[in-house]
**Q** 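My questions all concern the structure below.
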Number of protein chains: 4
Amino acid sequence: MKNNKLVMIPGPTPTVRSITDQMGRETVAFGDPAFVRDFKELVINLKTLLKADGECFVVAGSGTLAMEMAVSNVTKRGDNILIVSNGFFGDRFIDICERKGLNVDLLQAAWGEVISPEEIESKLKEKHYAAITVTHVDTSTGAGAPIQEIGKIMRNYPDTIYIVDGVAATAGEREYVDDYGIDILFTGSQKAFGVAPGLLILWAGKKALERRKSIGTIPEYYVDFEKWIPIMNDPAKYFATPAVNMIWALKESVRLINEEGAEARYDRHTKVSEAINKSLEAIGFKLLANEKDRCSTLSVVLYPEGINDLEFRTKLAEEGVMAAGALAAYAGKAFRVGHMGNIDDHTVYSTIAAIERTLIKLGYEYEKGIGLKTLLENI
Amino acid sequence: MKNNKLVMIPGPTPTVRSITDQMGRETVAFGDPAFVRDFKELVINLKTLLKADGECFVVAGSGTLAMEMAVSNVTKRGDNILIVSNGFFGDRFIDICERKGLNVDLLQAAWGEVISPEEIESKLKEKHYAAITVTHVDTSTGAGAPIQEIGKIMRNYPDTIYIVDGVAATAGEREYVDDYGIDILFTGSQKAFGVAPGLLILWAGKKALERRKSIGTIPEYYVDFEKWIPIMNDPAKYFATPAVNMIWALKESVRLINEEGAEARYDRHTKVSEAINKSLEAIGFKLLANEKDRCSTLSVVLYPEGINDLEFRTKLAEEGVMAAGALAAYAGKAFRVGHMGNIDDHTVYSTIAAIERTLIKLGYEYEKGIGLKTLLENI
Amino acid sequence: MKNNKLVMIPGPTPTVRSITDQMGRETVAFGDPAFVRDFKELVINLKTLLKADGECFVVAGSGTLAMEMAVSNVTKRGDNILIVSNGFFGDRFIDICERKGLNVDLLQAAWGEVISPEEIESKLKEKHYAAITVTHVDTSTGAGAPIQEIGKIMRNYPDTIYIVDGVAATAGEREYVDDYGIDILFTGSQKAFGVAPGLLILWAGKKALERRKSIGTIPEYYVDFEKWIPIMNDPAKYFATPAVNMIWALKESVRLINEEGAEARYDRHTKVSEAINKSLEAIGFKLLANEKDRCSTLSVVLYPEGINDLEFRTKLAEEGVMAAGALAAYAGKAFRVGHMGNIDDHTVYSTIAAIERTLIKLGYEYEKGIGLKTLLENI
Amino acid sequence: MKNNKLVMIPGPTPTVRSITDQMGRETVAFGDPAFVRDFKELVINLKTLLKADGECFVVAGSGTLAMEMAVSNVTKRGDNILIVSNGFFGDRFIDICERKGLNVDLLQAAWGEVISPEEIESKLKEKHYAAITVTHVDTSTGAGAPIQEIGKIMRNYPDTIYIVDGVAATAGEREYVDDYGIDILFTGSQKAFGVAPGLLILWAGKKALERRKSIGTIPEYYVDFEKWIPIMNDPAKYFATPAVNMIWALKESVRLINEEGAEARYDRHTKVSEAINKSLEAIGFKLLANEKDRCSTLSVVLYPEGINDLEFRTKLAEEGVMAAGALAAYAGKAFRVGHMGNIDDHTVYSTIAAIERTLIKLGYEYEKGIGLKTLLENI
């Protein structure tokens with residue numbers, strides 16, 4: 001009996017049956033009144049979930065397209081932008097912005113650390129920025145930025161749009177758009193929402209929407225807020241064909257989140273991630289992210305001496321857990337394990353058990369069972 | 001017993017069970033070797049299907065994004081572009097191109113007609129164009145452009161990229177990329193491929209790929225060929241998370257197409273569309289598209305005197321057929337019915353039967369059963 | 001594109017997606033509180049639907065096992081039983097009863113006709129019968145017995161258990177257990193309930209239950225009412241493992257029936273069967289069943305001269321309709337087409353259209369389209 | 001996030017997606033050539049799997065009906081039968097046999113023990129028995145009978161039919177019909193085959209089939225071998241409607257078994273059951289079954305002092321594991337946990353982890369983590 005492969009990478013995350021059942025429905029016309037109602041409800045529910053009063057866009061694409069969408073709608077060629085990067089995905093904004101003719105200033109943290117609000121503020125004081133980007137959780141490091149604290153600072157810079165990349169965070173880490181002073185937040189469907197990849201979700205507050213209006217025509221067409229606003233307010237209208245089945249799946253995801261309770265969900269992510277991290281440390285792994293900066297949606301785990309990345313992850317896959325390799329300088333030196341979205345206790349225990357079995361098979365010396373025991377003491 | 005609602009709009013089209021089953025699978029890691037193999041096979045199969053030797057891109061998004069992707073990769077600010085528009089979706093290129101700083105020349109057909117190859121050639125002779133766009137089938141009119149004939153002309157203009165919008169055509173209308181001299185062809189998953197909406201598919205020939213290289217950095221990030229080429233050749237690599245379930249579904253669609261045989265499929269579309277059109281005319285409808293220009297994927301059907309659009313389509317939906325309203329000047333004066341993709345004889349007869357029942361219930365006077373009889377004589 | 005094969009045999013009948021989705025769920029423990037609740041609700045709903053005040057049994061098996069269950073629980077070796085047979089399935093009771101040591105008297109109708117209430121009454125006057133069996137609709141002939149009228153007579157024979165075989169009738173033909181004076185009624189899941197085969201459903205009234213008690217131990221174990229009564233009243237109890245997924249599917253079927261309305265459903269069956277029969281006659285077929293005795297759940301259709309059964313049904317299957325062959329003396333001379341359960345207008349039109357296409361392909365001479373036209377005039 | 005409830009009762013067992021997908025297919029006509037082929041292959045594969053040369057019956061029903069089927073086909077009123085009972089389900093044969101007029105002799109083991117081959121032989125020497133029944137694994141105790149050894153003895157009693165109840169064993173415990181000298185073996189679909197409940201599977205060897213022939217007409221109809229033999233050899237024939245979807249699911253189950261390898265599967269069951277048993281003992285539980293008699297498909301687990309059955313199992317269900325209560329005298333004193341069928345390592349670890357969490361929450365004092373650690377040392 002082959003082990004079922006748990007999708008413990010930092011996205012896609014495990015898809016539960018009630019969500020895949022929505023994806024597997026017979027597609028209907030996008031103008032079908034029942035679908036229009038579903039889509040409308042989804043948009044409202046997404047705004048309620050994140051306490052976001054402006055607009056919410058649900059568009060076929062990916063988190064990467066959402067990054068571009070965020071930047072494109074609030075900046076124009078020649079604008080200054082401050083990129084706060086805590087890793088690989090923070091850096092990705094550089095290319096996006098530069099090719100659009102923005103002047104990029106960069107605050108770059110060592111991997112595993114995050115730029116502090118103070119560092120950001122001192123930059124903001126130096127120069128006017130049309131926008132600032134902050135990656136809430138950089139999937140390459142597992143460190144989480146203090147987006148609420150940064151949001152407090154941003155209130156002093158009302159002409160700077162505060163863009164938060166929530167790709168590896170939203171629906172797993174606590175985020176409330178208006179309360180935190182976020183102007184644009186976005187994510188992809190396959191992360192903590194637990195849907196298959198294929199949708200981006202982007203929330204834009206009043207300030208971001210005003211900025212969009214003020215800059216006139218933008219070169220980008222598909223991601224232009226102006227094209228989508230009428231649709232998001234009345235999905236009976238047409239701009240581009242909505243991804244019907246993915247939208248149903250996302251709607252089911254939001255229903256599950258509300259069933260669990262958003263706050264309970266965030267607390268669960270905290271508890272589970274702490275338990276997993278302690279468990280991994282008890283086994284003998286070290287984590288890339290500083291203890292104080294660790295996010296609750298994934299862990300980037302440094303190998304001890306003598307463990308080969310490919311061998312470990314191949315064996316781990318046989319044991320039934322897919323983990324991701326690390327990126328850039330950490331490739332080969334660490335693996336990444338997601339623990340966000342719709343995962344239950346079984347998934348958590350199965351993951352640590354598979355890691356322990358893998359280490360035992362690889363001949364790694366440690367106190368057998370300590371990982372699982374640590375989970376028991378912490379969940 | 002409510003009638004099952006057949007999705008007879010010009011996209012999404014009816015989704016068969018083997019395709020929805022793929023969409024409804026448990027999502028796996030995008031790096032899972034089995035998925036990587038599936039994705040790779042899909043890309044190869046798509047190139048074989050369309051006899052396209054260059055690159056094929058399968059990207060989360062929609063046909064609209066594919067339009068932008070096509071233009072963005074082969075033009076730069078200040079270039080001339082010739083837009084050959086036979087309707088609403090042809091016109092859509094205008095906005096896309098203008099906001100990117102292109103100089104747009106427009107050949108615009110009366111709705112239901114198409115611009116002739118001769119008209120195009122005389123334009124091409126006047127001025128150098130970086131690119132030309134032709135909509136194969138404009139979903140707003142049901143007229144089909146002679147893309148093969150245009151392709152022959154284009155061979156005389158090797159510095160002009162020939163972009164064909166295949167959204168309402170590809171996999172239903174005959175299209176062979178290299179044979180026809182097409183440089184870029186694209187469509188969406190929800191049209192004649194019969195998958196849910198959410199993917200764009202774009203084929204780029206050698207000339208288009210060289211053009212991309214020659215223009216250096218482009219402002220667009222997500223749709224940049226350069227970002228995707230490595231992934232499409234080796235899906236084990238990462239750029240943006242592929243839409244796993246949609247990709248499986250598209251793979252199943254291509255398998256179904258090959259099972260039917262591509263040529264047999266195109267012939268079926270021709271035969272079915274002719275039968276449906278004759279049937280609709282026998283009932284008393286008129287078609288918007290000129291007889292000689294009619295496509296085989298959808299029909300735009302003008303109401304006879306006395307039929308109210310909303311009433312007709314609402315009643316038709318109760319009878320189990322979703323049809324689309326007409327666009328722009330024809331809104332309220334016509335409806336649009338798709339007959340592309342994975343539809344069998346049952347679907348065709350059910351559609352005409354539902355139209356007849358609707359007309360009877362609305363008190364329309366005609367020879368009852370003539371529509372169905374006409375089908376019998378033509379299928 | 002191969003035509004989807006419609007299951008137009010007289011059972012199994014077409015299974016709609018909401019029902020197959022229930023069959024395809026992950027199985028749960030039969031003691032799971034949620035399943036216990038579902039099962040309990042199903043039993044109550046089945047009793048309400050048929051207005052049956054006694055017990056309802058839902059047991060893994062088939063209609064054939066239900067026949068045996070009915071007989072076993074109300075007769076003992078040496079008892080007299082009157083079998084009213086209008087065809088193949090009526091006759092089946094003979095073997096069942098004889099092997100159990102019952103004295104069988106038989107009223108046998110010519111195929112296509114039914115035994116009249118008067119004939120039954122004159123038999124009942126002659127001798128005491130422990131039980132009488134009447135097949136409501138004999139699937140071999142398409143004739144329907146006047147079970148309500150027979151029920152009126154049965155009130156004068158209170159010591160005779162009135163067993164109605166509803167296999168090809170229940171949930172399609174009007175049947176109300178207590179109102180009609182029926183003591184035992186049964187069917188299978190795959191007929192007018194539109195579920196996959198695998199379940200028998202049997203309703204037993206007070207009189208039948210008292211009879212069961214009065215005859216003491218019976219040789220049969222699995223079908224013994226006494227074993228199941230505690231379970232049907234409290235599905236948390238255990239006798240034999242219930243067919244979890246099939247029970248969910250049947251529950252969904254009953255939900256669909258109630259959504260449609262039982263009376264509306266029976267009326268629909270009447271209307272559809274009349275339209276189909278007229279349509280078949282217009283084409284040139286004759287029906288086996290007398291006009292006054294025709295049931296509304298299936299038609300047994302005699303071939304005109306020159307049509308070969310195997311050729312016709314093979315071709316018809318290619319056109320997308322599965323029909324059944326006729327039985328016994330009518331094998332090769334007729335085919336049987338079901339029109340019960342969850343079928344919508346599309347299914348009806350598709351069926352007649354496929355029959356017409358088949359006849360045309362076989363070179364049969366008739367007025368093309370007359371079948372479909374007749375449907376239009378009658379639905 | 002509620003924990004997914006693992007179905008760790010001794011049947012139904014966890015149903016994997018490829019099996020539920022078969023159950024959830026659109027039902028086809030039982031005469032559909034593709035289905036006839038599937039059914040035929042299934043029957044052949046089932047015979048190959050168990051090395052059974054006679055007939056294999058796949059019939060809608062349950063294991064209980066299979067018990068009756070076994071007895072009914074090889075005995076007649078007045079025959080002697082020896083019932084070897086090692087628990088609740090062994091005893092069940094008493095009622096079945098007595099009501100059919102058989103003279104029952106009973107060998108009854110203390111719960112948790114099994115009757116030895118020697119005890120059986122001494123009984124067989126005393127008197128002629130038409131048949132003997134042995135329950136391979138009694139689901140009430142978790143003890144497994146030495147059916148191969150008993151089979152050796154049975155070769156000396158060629159006029160006694162050797163019936164083995166494999167309900168909680170077949171496809172999990174090693175069983176080879178002809179090699180072991182078994183005349184009749186049966187099980188239900190929902191046990192080690194991992195399909196939903198609703199099918200019985202019964203293998204009958206040559207001797208059993210000859211016995212059936214020799215006893216002439218039997219009172220039972222639905223379970224009469226003679227009715228089914230023609231169908232099992234040619235499923236295009238009709239007796240009672242086969243449970244189409246369940247048959248597909250069983251076919252997929254056999255495919256999975258062959259993919260794993262039957263021998264590898266039996267070895268896995270041994271290894272997993274030993275690991276689970278050691279783990280439970282390490283935690284402080286005792287097992288009902290004697291160590292030497294333990295089966296490999298389930299465990300009956302005695303509570304230590306102070307654990308309340310209902311409280312334990314309710315809490316355990318919240319933790320995501322459904323276990324069964326114990327039967328008869330052990331009700332309240334033990335719980336039963338299945339570990340047969342299509343379960344992978346994740347399921348095993350999740351089960352023990354949930355048991356540990358439950359005990360911790362109930363305040364039970366023991367060495368936390370010892371259960372999981374014991375698994376790691378034994379799998």
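Order of the sequence lines sets the chain letters (A, B, ...), proteins ahead of strands, with each chain counted from 1. The structure displayed is predicted, hence computed values, not measured ones.
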**Q** Is it the side chain or the backbone of C:I218 that comes within 4.5 Å of chain D heavy atoms, both, or neither?
**A**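 Both backbone and side chain.
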**Q** Quick one: do D:D224 and D:K227 make a salt bridge, cutoff under 4.0 Å?
**A**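 Looking at D:K227 together with D:D224, the answer is no, because their closest N to O distance does not fall below 4.0 Å.
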**Q** D:T15, D:T13, D:V28: which one forms the most heavy-atom pairs within less than 4.5 Å of chain C?
**A**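 With the most close heavy-atom pairs to chain C, the winner is D:T15.
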**Q** Are any side-chain N or O atoms of D:N103 and backbone N or O atoms of D:G78, one a donor and one an acceptor, separated by less than 3.5 Å?
**A**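 Yes.
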**Q** Among D:V223, D:L6, D:T217, D:T241, which residue forms the greatest number of heavy-atom pairs with chain C at distances under 4.5 Å?
**A**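 Max contact count across the listed options: D:T241.
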**Q** Chain D heavy atoms under 4.5 Å from C:E220: which part of the residue, side chain, backbone, both or neither?
**A**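 Backbone plus side chain of C:E220, per the 4.5 Å heavy-atom cut-off to chain D.
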**Q** Which atoms of D:L200 are under 4.5 Å from chain C, going by heavy atoms: the side chain, the backbone, both sets, or neither?
**A**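 The answer is neither part of D:L200.
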**Q** Tell me which of these, C:I9, C:D95, C:L65, has more heavy-atom pairs under 4.5 Å with chain D than the rest.
**A**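 Ranked by heavy-atom pairs under 4.5 Å with chain D, first place is C:L65.
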**Q** Ignoring hydrogens and geometry beyond distance, is a side-chain donor-acceptor pair present between C:T347 and C:D344 at under 3.5 Å?
**A**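 The answer is yes; a qualifying pair exists.
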**Q** Heavy-atom distances under 4.5 Å only: say whether D:K191 touches chain C with side chain, backbone, both or neither.
**A**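 No part of D:K191 comes within 4.5 Å of chain C.
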**Q** Mind ranking D:P219, D:A243, D:G198, D:G63 by heavy-atom pairs under 4.5 Å with chain C and telling me who comes out on top?
**A**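 Ranked by heavy-atom pairs under 4.5 Å with chain C, first place is D:P219.
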**Q** Is the closest basic N to carboxylate O distance between C:R25 and C:D21 below 4.0 Å?
**A**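 Judged by the 4.0 Å cut-off on N to carboxylate O distance, C:R25 and C:D21 do not form a salt bridge.
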**Q** Pick from D:Q190, D:R92, D:R99: which one has the most heavy-atom pairs with chain C under 4.5 Å?
**A**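 Heavy-atom pair counts peak at D:R99.
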**Q** What part of D:P242 is in contact with chain C, defined as an atom under 4.5 angstrom from a non-hydrogen atom: side chain, backbone, both or neither?
**A**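 Contact with chain C is through the backbone of D:P242 alone.
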**Q** Quick check against the 3.5 Å criterion: does C:N73 have a side-chain atom that pairs as donor or acceptor with the backbone of C:R212?
**A**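 Not a single qualifying donor-acceptor pair exists.
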**Q** Quick one: are the ring centres of C:Y221 and C:F239 less than 6.0 Å apart?
**A**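 Between C:Y221 and C:F239, the centre distance is under 6.0 Å.
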**Q** Flag the one option from C:I19, C:V244, C:V59, C:V195 with the top tally of heavy-atom pairs under 4.5 Å to chain D.
**A**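 Highest number of heavy-atom pairs under 4.5 Å: C:V244.
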**Q** Only pairs of heavy atoms separated by less than 4.5 Å count here; which of C:A249, C:A196, C:A324 has the most with chain D?
**A**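 Top option by heavy-atom pairs under 4.5 Å: C:A196.
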**Q** Could you tell me how the ring of D:F335 sits relative to the ring of D:F312: parallel (under 30°), tilted (30 to 60°) or perpendicular (over 60°)?
**A**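 Ring orientation, 0 to 90° scale: tilted.
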**Q** Heavy-atom pairs under 4.5 Å with chain C: which of D:A29, D:G31, D:P197 has the most?
**A**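 Ranked by heavy-atom pairs under 4.5 Å with chain C, first place is D:P197.
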**Q** Under 4.5 Å heavy-atom distance to chain C, tell me which part of D:S62 shows up: side chain, backbone, both or neither.
**A**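 Contact with chain C involves both backbone and side-chain atoms of D:S62.
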**Q** Between C:R17 and chain D, with a heavy-atom cut-off of 4.5 Å, which part of the residue counts as in contact: side chain, backbone, both or neither?
**A**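 No part of C:R17 comes within 4.5 Å of chain D.
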**Q** In terms of side-chain heavy atoms, does C:T20 have a donor or acceptor partner in D:E26 at a distance below 3.5 Å?
**A**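 On atom types as modelled, these side chains do not qualify, holding no pair under 3.5 Å.
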**Q** I'd like to know if C:K100 pairs up with C:E68 as an ion pair, taking the criterion as any Lys NZ or Arg NE/NH1/NH2 lying under 4.0 Å from an Asp or Glu carboxylate oxygen.
**A**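 Yes.
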**Q** Please report whether the ring centroid of C:F30 lies less than 6.0 Å from that of C:F35.
**A**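 Aromatic pair excluded; centres sit 6.0 Å or further apart.
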**Q** For D:I96, is it the side chain, the backbone, both, or neither that has a heavy atom closer than 4.5 Å to a heavy atom of chain C?
**A**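 Both backbone and side chain.
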